[in-house]
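The structure appears right after this line, and notes come after that.
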Number of protein chains: 2
Amino acid sequence: MANTEDTIAVRISKELADRIISGSIEPGSRLRQDHVAEEFGTSHVPVREAFRRLEAQGLAISEPRRGVRVAAFDLGEVREVAEMRAALEVLALRHAAPHLTPAILDEAEEATKAGDKSRDVRSWEEANRTFHRLILAPCNMPRLLSTIDDLHAASARFLFAAWRSEWETRTDQDHRAILSALRQGNTESAAATLGRHVQWIGQKPVKTASGKTRDAFAIVG
Amino acid sequence: MANTEDTIAVRISKELADRIISGSIEPGSRLRQDHVAEEFGTSHVPVREAFRRLEAQGLAISEPRRGVRVAAFDLGEVREVAEMRAALEVLALRHAAPHLTPAILDEAEEATKAGDKSRDVRSWEEANRTFHRLILAPCNMPRLLSTIDDLHAASARFLFAAWRSEWETRTDQDHRAILSALRQGNTESAAATLGRHVQWIGQKPVKTASGKTRDAFAIVG
DNA sequence: AATGCAGAAATTATCTATAATTTCAACCAG
DNA sequence: CTGGTTGAAATTATAGATAATTTCTGCATT
């Protein structure tokens, strides 16, 4: 999937983003340009450019002369991202609604079913993101959509951090309610449900390294 | 103002951002890394990193192997930014309101007065931005605030493109209404006014290069 | 044991050089 | 004239080398 027409810097940033989101690189850990460069068999110049992209997406933070590290996050940031998504996805849906076709809504329903059948977080997340993208894309607002995309990446990171291995299949009633409202042309009701849906924050006890359990939080919509 | 502790790449990106926003570089024109490097007396490596930053802010767009150009914009994008600002600034204000002190509101009132007295776009824009930042910053949501900052940069660009030289002094009633509502603890009313305020799009006839007049649009709040 | 301080090692930031690609203009064929 | 082709010039993307800064490590001191 990594398009060979992409520049090396883009390929590296995509790969690193994927690792950060999936949690295979720990929050707070340092990203060393020479190590990354060696791994990808390149010089460090494209690596530095990849770091700037990650920084812009909020996945890494860089301090001058002290390097780049994977962004840490806490409950506050989970909430912040949830609220931003609620505000922006509602906005996007209001503009997308007039352009939604039955075909798109059918596709979105397929995505919902795929999500309900998912037996692991990763495929659930993918189905969920597909659903949201399908119903929002027709708003035709590129800047808004790309901001929402970055927020989805952050959401996925929170989700994987909390539900890394265990995942319970669950059926998504919100998605169905949104689709049904959209089919009836009731945009406001769909938007209201979407806003609530995205702000719902799941909670789950998780074992820490020291053997204790603490609560982990994630956006589950 | 350009901190010497900043990296060269950051200094370059700030300077270029300023030029793009002020309109001293035309939308659509190419940014050539060697030329910029020569002007700043550096090599092109930090220039490339600066380009990535501009790209992330939406001020430039880059196509692989074909270089970077200053982002063009149209009425659609002005509207898009206005709506995003409305959604996000309202969200920020709701969270900031409980933390607003009389001292902050007094400062914001000073900024409003400074805006009303401004005899040129540039100082009006600065006062306006100060006002918005003052009342939103206490929300304590860094990601939200930085997204809003990028949107303000885009707004300023639209504004300068439309009102480059001429500017009529005007008193900002909305700002006063927002402050008065906040002083009375009426957050919802303040938020509603802010949402409307930011979505108001000014219109002005402007002479094109070919001598004709067309309408230019900008967010004026 | 804790603290502080070299000096060494690692790392970042930048520069110079090279390879690969695109752009552009001149030219030629239809 | 139009449209395409070719080669030179310009430009981007990457690599390899260097300077500057930070971090680490071990040892001495309290």
Side-chain angles (χ1 to χ4, degrees), chain A residues 1-20 24-72 146 209, chain B residues 1-20 24-72:
Chain A
M1 201 92 334
N3 197 325
T4 54
E5 298 192 20
D6 275 346
T7 197
I8 294 181
V10 172
R11 277 213 305 276
I12 295 175
S13 82
K14 283 182 181 168
E15 172 62 27
L16 290 182
D18 195 65
R19 290 188 200 168
I20 295 172
S24 86
I25 318 181
E26 289 273 306
S29 64
R30 291 183 67 175
L31 293 171
R32 271 168 272 227
Q33 55 185 25
D34 281 1
H35 297 187
V36 177
E38 195 181 6
E39 180 193 341
F40 286 87
T42 71
S43 90
H44 62 256
V45 178
V47 175
R48 291 180 62 81
E49 291 186 42
F51 284 174
R52 294 291 92 80
R53 293 183 126 262
L54 295 174
E55 210 185 335
Q57 291 173 82
L59 295 176
I61 50 178
S62 98
E63 296 171 284
R65 307 224 151 250
R66 311 193 61 183
V68 174
R69 48 184 67 236
V70 176
S146 111
Chain B
M1 198 96 334
N3 198 327
T4 54
E5 298 193 19
D6 275 347
T7 197
I8 294 182
V10 173
R11 278 213 305 278
I12 295 176
S13 82
K14 283 182 181 169
E15 171 62 27
L16 290 181
D18 195 64
R19 290 188 200 169
I20 295 172
S24 87
I25 318 181
E26 291 272 307
S29 64
R30 290 182 68 173
L31 292 171
R32 272 168 270 226
Q33 56 186 23
D34 281 0
H35 297 187
V36 176
E38 195 181 5
E39 180 193 340
F40 286 87
T42 70
S43 88
H44 64 256
V45 179
V47 175
R48 290 179 62 81
E49 290 185 42
F51 284 174
R52 296 290 93 79
R53 293 181 131 264
L54 295 175
E55 210 185 334
Q57 291 173 79
L59 295 176
I61 50 178
S62 96
E63 296 170 285
R65 307 223 155 248
R66 311 193 61 183
V68 175
R69 48 184 69 236
V70 176

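The chains referred to below are lettered A, B, ... by the order of the sequence lines, with proteins before strands, and numbering in each begins at 1.
Atom CG of A:Asp34 is separated from atom P of D:dT23 by 16 Å (rounded to the nearest Å). Distance, A:Glu63 CD to D:dT23 C1': 13 Å, rounded to whole Å. Separating the CZ atom of A:Arg69 from the P atom of D:dT22 is a distance of 14 Å, rounded to the nearest angstrom. Distance A:Gln33 CD to D:dT23 P: 14 Å, rounded to the nearest Å. Between the CZ atom of B:Arg48 and the C1' atom of D:dA13 there is a distance of 5 Å, rounded to whole Å.
Applying the side-chain hydrogen bond (donor to acceptor under 3.5 Å, both in side chains) test to residues at least two apart or on different chains, the pairs with a partner in residues 27-38 of chain B are B:Gln33-B:Arg48.
Considering every non-hydrogen atom in both B:Ala71 and B:Gly58, the closest pair reads CB-O, 3.7 Å. The minimum heavy-atom distance between B:Pro27 and B:Ala72, with the atom names listed, is CB-CA, 4.0 Å. B:Ala50 approaches B:Ala9 most closely through the heavy-atom pair CB-O, 3.5 Å.
Residue whose closest nucleotide on DNA chain D sits further toward the 5' end, between A:Arg66 and A:Pro46: A:Pro46. In terms of position along DNA chain C, the nucleotide closest to B:Glu49 lies nearer the 5' end than the nucleotide closest to the other residue of the pair B:Glu49 and B:His44.
Of all nucleotides in DNA chain C having an atom under 4.0 Å from a heavy atom of chain A, the first and last in 5' to 3' order are C:dT11 to C:dT14.
Between B:Glu49 and B:Arg53 there is no salt bridge, since no side-chain N of the basic residue sits under 4.0 Å from a carboxylate O of the acidic one. Salt bridge B:Arg19/B:Glu15: present, at least one basic N to carboxylate O contact under 4.0 Å.
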